[in-house]
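Worksheet for the structure shown next.
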Amino acid sequence: MSKRLTVSDWKVPALLLLLSLVPILGGIARFVNMSNGSVTPDNARFVAAPLPIVIHVISATIYSLLGAFQFSKGFRLRWPGFHRRAGRVLVVCGVLAGLTGVWMTALYPIPSGLQGPILLAVRLVVGLAMVASIIIALSSILRRDVPRHEAFMIRAYAIGQGAGTQVLILGPWMLLTGQGVGVARDLLMALSWAINLGVAELIIRGRKRQPRQSGARLAVNADTSLLVTARR
């Protein structure tokens, strides 16, 4: 019998969807700005070479929205087929988002105020790390190594959600200082990825501890014969 979804099953997807909302709206606004035909210093690089940004925004949007439901245990138990099919889509979209992000970072003529050497290096590293994490996750599930698969998909999704966290970090700073360029901006953007990856590692470690904690509770409540069997 299928597991019925509870409020707790919706909590994580809802939070991740909210985190994705502003970057997705920003991507839509970028498309509208490009379609108007007006060329400005802010969008000149996108108008000159639109394919990477179009692929990046579409793939990152699908990755963020669809990926939000992959982290709900209730959704996985009730719709295991959806989890597998969505996973295949996420692999493609995640790789495309990561590779186009690297492409734009390395080849777009980004103004120095919007991307200094620090941010350039960080973007290249996290973009390649996202792609590598997805590939490792895919190879892991093909070998039926579910814990490793889950761990690297969590890391990849944390990287992909960097833009959402950057809105939360950069927004207050820009309101307080009125500045949206320079070294401080680069460092805050890098900090956003660091925060996401830190949270990801906490989640991964928490999942690793769960079986041991469950085993400890079982041992406390088990009778002598079960304890002997467990030791064997």
Side-chain angles (χ1 to χ4, degrees), residues 10-31 42 52-53 55-72 90 93-105 108 110 113-134 137 150-207:
W10 287 94
K11 285 182 180 179
V12 172
L15 289 172
L16 293 175
L17 290 174
L18 284 174
L19 188 64
S20 307
L21 184 60
V22 174
I24 289 173
L25 292 177
I28 294 173
R30 180 74 67 186
F31 281 170
D42 183 55
I53 185 64
I55 294 175
H56 183 78
V57 170
I58 293 175
S59 58
T61 297
I62 296 172
Y63 186 77
S64 299
L65 296 180
L66 194 58
F69 297 94
Q70 298 294 82
F71 298 98
S72 170
L90 288 171
C93 289
V95 169
L96 286 175
L99 290 179
T100 52
V102 170
W103 193 99
M104 292 186 293
T105 298
Y108 270 172
I110 302 175
L114 297 178
Q115 177 177 274
I118 295 174
L119 185 57
L120 169 64
V122 170
R123 279 175 165 167
L124 292 175
V125 169
V126 297
L128 294 173
M130 179 176 173
V131 174
S133 295
I134 293 172
E150 290 181 344
F152 277 93
M153 285 304 287
I154 290 172
R155 292 178 180 118
Y157 192 78
I159 294 172
Q161 281 286 11
T165 306
Q166 285 163 4
V167 172
L168 298 178
I169 299 296
L170 282 174
W173 177 76
M174 291 176 65
L175 287 174
L176 290 173
T177 65
Q179 298 178 5
V181 297
V183 176
R185 177 182 182 275
D186 289 4
L187 292 174
L188 289 173
M189 291 186 71
L191 176 63
S192 301
W193 276 302
I195 291 172
N196 281 15
L197 286 171
V199 172
E201 292 305 319
L202 289 175
I203 294 172
I204 293 167
R205 292 185 182 184
R207 290 191 173 195

Ring pair (Phe, Tyr, Trp, His ring centres under 6.0 Å) against F31, all qualifying residues, sequence neighbours excluded
none
Would you mind listing every salt bridge (Lys or Arg N to Asp or Glu O under 4.0 Å) that reaches into residues 157-185, with sequence neighbours excluded?
none
Under the side-chain hydrogen bond (donor to acceptor under 3.5 Å, both in side chains) rule, what pairs show up with a residue in residues 61-71, not counting sequence neighbours?
Q70-H83
Residue list, side chain to side chain donor-acceptor pair (under 3.5 Å) with T105, at least two apart or on another chain
none
Which pairs pass ring-ring contact (aromatic ring centres under 6.0 Å, His included) with one or both residues in residues 161-181, sequence neighbours excluded?
none
For S72, which residues count as a side chain to side chain donor-acceptor pair (under 3.5 Å) partner, sequence neighbours excluded?
none
For residues 190-199, pull every pair meeting side-chain hydrogen bond (donor to acceptor under 3.5 Å, both in side chains), keeping only residues two or more places apart or in separate chains.
T165-N196
Salt bridge (charged side-chain N to carboxylate O under 4.0 Å, His left out) against R123, all qualifying residues, sequence neighbours excluded
none
Donor-acceptor list for residues 14-21 side chains, cut-off 3.5 Å, not counting sequence neighbours:
| from | atom 1 | to | atom 2 | distance (Å) |
| --- | --- | --- | --- | --- |
| S20 | OG | L16 | O | 2.8 |
| S20 | OG | Q161 | NE2 | 2.7 |

Taking only residues two or more places apart in sequence or in another chain, which ones pass side chain to side chain contact (heavy atoms under 4.5 Å, CB included) with L96?
I55, S59, V92
Salt bridge (Lys or Arg N to Asp or Glu O under 4.0 Å) contacts in which one or both residues fall within residues 152-181, not counting sequence neighbours
R155-E201
Hits for side chain to side chain donor-acceptor pair (under 3.5 Å) against D186, two or more places apart or cross-chain, chain-then-number order -> none
